[in-house]
Amino acid sequence: MKKSIEIKTATHRYEAVAGKDIFEDEIAAAASRFPASSLFILMDENVSKHHRKQIEGAFIKTGRPFHIKLIPEGESSKSADLWLGCIDFLLSSGVTRNSPVFVIGGGVTGDLGGFAAASVMRGVPLYHIPTTVLAMVDSSIGGKTGINHEAGKNLVGAFYQPERVIADITFLDSLPRQEWTNGLSEILKYGAIKQGDIFEKAELFLHENPDDSHPDKLVEIISDCIRIKADIVQEDEFEGGIRAFLNFGHTFAHALEKACGYQKMSHGEAVYLGMLAAVELSRQFKADIVPDNLTKFRQLYHYRVSKEELSLKDLTEYMKFDKKRTNQHIRFVLLEDWQQPVLKEVESETLIHKAWQIAFDEL
Ligand SMILES: NC(=O)c1ccc[n+]([C@@H]2O[C@H](COP(=O)([O-])OP(=O)(O)OC[C@H]3O[C@@H](n4cnc5c(N)ncnc54)[C@H](O)[C@@H]3O)[C@@H](O)[C@H]2O)c1
């Protein structure tokens, strides 16, 4: 099974494909588009550990020279040092303006490798090959690439659209359970802001190995999510308007991650709690919704932090310094109803504290 989603931006038109066992054919097709060039691969080290044979096999079959650089796992790889390491690797192995760069990994490798492809020789053809659920449904779509700076996350980068996104669920067979749950949070976010049946479709995540037990359903939900993100990005490529809806739950989540020193809580866990808090805040502005769509997935989240370790006051302060803040108020994506997101500036700390309380109850 293979699904194709066309993505149009102001300057670009390309496809994202989702399927099972599509990698080899996709690499062959990509290589044939650039007959005069070597092929360049930036690959997550864990992906290499589990899938090196299959990946190299596909590139060997193209009959073309190829060069591989491994990217160490973890957020710290989104650094200026590693970005320069990628540029050095590409230039020293003979990249040209017409050389395709294949970036294979999760969002970290995608953001770093995408930025290297965007910047070397002012941009070379980029192929995103996401290997985490989050990267398949979110980070590989939309053209944001970049690295972190000591002043904050994702502060250096470029909008750079790929030639193609290739999401092959075969790679997910080695993905740790917690990474599935991280991706699920972003999937549930699409359910909340755009497409209600996502909540039912996502129930397949309650099974142990959805890639084995329900491959077609998994491909379907991934392609639904790609479509949703693509639609939003098409309308707002450079993030001036509705792209902000993709931050549903994230204003709370960023504060939680910061309060936990980015250690005791993963991004996906924080987003899940953040969405619960955002639903509660929406209810305080009279939205007639209950969070059952989210709480039915609660068993998948395993927190290593307790509410006693967190301070309401600190969390609210952190939100004030989130980069999405305007004036003195904190700006949230709330829901008027399910699938009806709105941007709202909230002044009352009492209301925000009440919303936090709901998230705390889940800890
Ligand atoms: N560009 C965007 O629009 C965008 C959107 C959302 C998030 N992001 C970024 O994405 C990053 C998070 O991405 P992520 O959640 O994919 O994390 P990640 O890239 O760190 O991957 C998570 C873990 O899974 C491992 N891994 C990856 N694929 C695997 C596989 N198939 N089998 C086994 N292990 C595998 C990685 O080595 C890592 O340890 C953050 O840096 C975030 O800022 C970017």
Side-chain angles (χ1 to χ4, degrees), residues 7 9 16 20 23 42-52 54-55 70-79 82-83 103-118 126 128-149 152-162 165-187 189-190 209 211 218 222 225-226 228-230 232-233 236-239 243-244 246-250 253-254 257 262 265-272 323:
I7 302 175
T9 65
K20 189 171 166 72
F23 181 71
L42 300 169
M43 173 161 56
D44 177 291
E45 64 178 359
N46 284 328
V47 176
S48 172
K49 229 176 262 167
H50 294 285
H51 304 281
R52 179 91 178 210
Q54 181 206 350
I55 290 169
L70 295 187
I71 308 297
E73 72 160 331
E75 188 65 30
S76 58
S77 285
K78 279 172 59 174
S79 68
L82 258 156
W83 168 77
V103 176
I104 310 178
V108 163
T109 306
D111 281 8
L112 169 76
F115 185 42
L126 164 66
H128 271 304
I129 299 161
T131 62
T132 63
V133 175
L134 181 138
M136 290 182 185
V137 301
D138 189 355
S139 62
S140 66
I141 309 297
K144 280 196 200 171
T145 69
I147 55 176
N148 301 327
H149 184 272
K153 268 193 72 165
N154 300 322
L155 291 184
V156 180
F159 283 98
Y160 192 67
Q161 302 294 343
V165 179
I166 302 162
D168 187 336
I169 65 165
T170 322
F171 291 120
L172 298 179
D173 66 3
S174 52
L175 192 68
R177 190 71 195 166
Q178 189 188 343
E179 299 302 336
W180 282 87
T181 311
N182 273 335
L184 173 64
S185 295
E186 305 299 340
I187 290 176
K189 173 189 80 182
Y190 294 128
N209 297 107
D211 50 326
L218 184 58
I222 288 170
C225 292
I226 293 174
I228 294 168
K229 181 149 185 196
I232 291 175
V233 169
D236 183 16
E237 187 175 356
F238 300 109
E239 206 168 33
R243 198 161 172 161
L246 295 169
N247 290 318
F248 177 65
H250 284 60
H254 292 153
E257 285 181 278
Y262 299 93
M265 195 173 294
S266 73
H267 179 66
E269 289 167 342
V271 169
Y272 178 74
K323 64 181 178 212

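Atoms within a ligand are numbered from 1 in the order they appear, just like the ligands themselves.
The main-chain N or O of Asn154 is never found under 3.5 Å from a side-chain atom of Lys78 such that the two would form a donor-acceptor pair. Under the 3.5 Å distance criterion, the side-chain polar atoms of Arg243 are matched with a main-chain donor or acceptor of Glu237. At distances below 3.5 Å, not a single donor-acceptor pair connects side-chain atoms of Asp44 with backbone N or O atoms of Thr109. For the pair Tyr190 (side chain) and Val137 (backbone), a donor-acceptor distance under 3.5 Å is present.
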Report task. Could you walk me through whether Ile55 and Ser48 pass side chain to side chain contact (heavy atoms under 4.5 Å, CB included), step by step? Result -> CA-CA 8 Å; Ile55 290 169; Ser48 172; over 6 Å; no
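To the nearest 0.5 Å, atoms OG (Ser140) and NE2 (His128) are separated by 6.5 Å. Taken to the nearest 0.5 Å, the CG atom of Leu42 stands 11.5 Å off from the OG atom of Ser77. Separation of atoms NE2 (His51) and CG (Asp168) is listed at 9.5 Å; rounding is to 0.5 Å. Atom CD1 of Ile187 sits about 6.5 Å away from atom CD1 of Ile222, to the nearest 0.5 Å.
Among Ser48, Gly114, Gly107, the residue whose heavy atom lies nearest to atom 10 (O) of ligand 1 is Gly107.
With respect to atom 24 (O) of ligand 1, the closest heavy atom belonging to the protein is Glu179 CG, 3.9 Å. Counting only heavy atoms of the protein, atom 25 (C) of ligand 1 lies nearest to Asn46 ND2, 4.0 Å. For atom 27 (C) of ligand 1, the closest non-hydrogen atom on the protein side is Thr132 CG2, 3.3 Å. Among protein heavy atoms, the minimum distance from atom 9 (C) of ligand 1 is reached at Asp111 OD2, 3.4 Å. Ser139 CB, 3.3 Å is the protein heavy atom nearest to atom 4 (C) of ligand 1. With respect to atom 38 (C) of ligand 1, the closest heavy atom belonging to the protein is Glu73 OE1, 3.8 Å. Closest to atom 28 (N) of ligand 1 among all protein heavy atoms lies Thr131 OG1, 2.8 Å. If you check which protein heavy atom lies closest to atom 35 (C) of ligand 1, you get Leu175 CD1, 3.8 Å.
Applying the side-chain hydrogen bond (donor to acceptor under 3.5 Å, both in side chains) rule to Asp138 yields the partners Lys229; only residues at least two apart in sequence or on another chain are considered.
Ligand 1 has at least one atom lying under 4.0 Å from a heavy atom of Lys229. Using a 4.0 Å cutoff on heavy atoms, Asn182 does not count as a contact of ligand 1. Within the structure, ligand 1 has Val47 among the residues with a heavy atom less than 4.0 angstrom away. Using a non-hydrogen distance threshold of 4.0 Å, Lys153 registers as a contact of ligand 1.
Shown in contact with Phe171 at under 4.0 Å from a heavy atom are these atoms of ligand 1, numbered in order with element: 30 (C), 31 (N). Counting the atoms of ligand 1 from 1 in the order shown, those under 4.0 Å from a heavy atom of Asn154 are 43 (O). The contact set between ligand 1 and Glu75, taken as ligand atoms under 4.0 Å from a residue heavy atom, comprises 40 (C), 41 (O). Here is the list of ligand 1 atoms found below 4.0 Å of a heavy atom in Asp44: 36 (C), 37 (O). Close contacts of ligand 1 with Lys78, meaning ligand atoms under 4.0 Å from a residue heavy atom, involve 9 (C), 40 (C), 41 (O), 42 (C), 43 (O).
Checked by distance only, ligand 1 and His50 stay at 3.5 Å or farther apart across all their nitrogen or oxygen atoms.
Closest heavy-atom contact between Gly183 and Val133: CA-CG1, 3.8 Å.
Both the backbone and the side chain of Val108 come within 4.0 Å of ligand 1, judged by heavy-atom distances.
Between Val108 and Glu75 the shortest side-chain heavy-atom distance falls below 4.5 Å.
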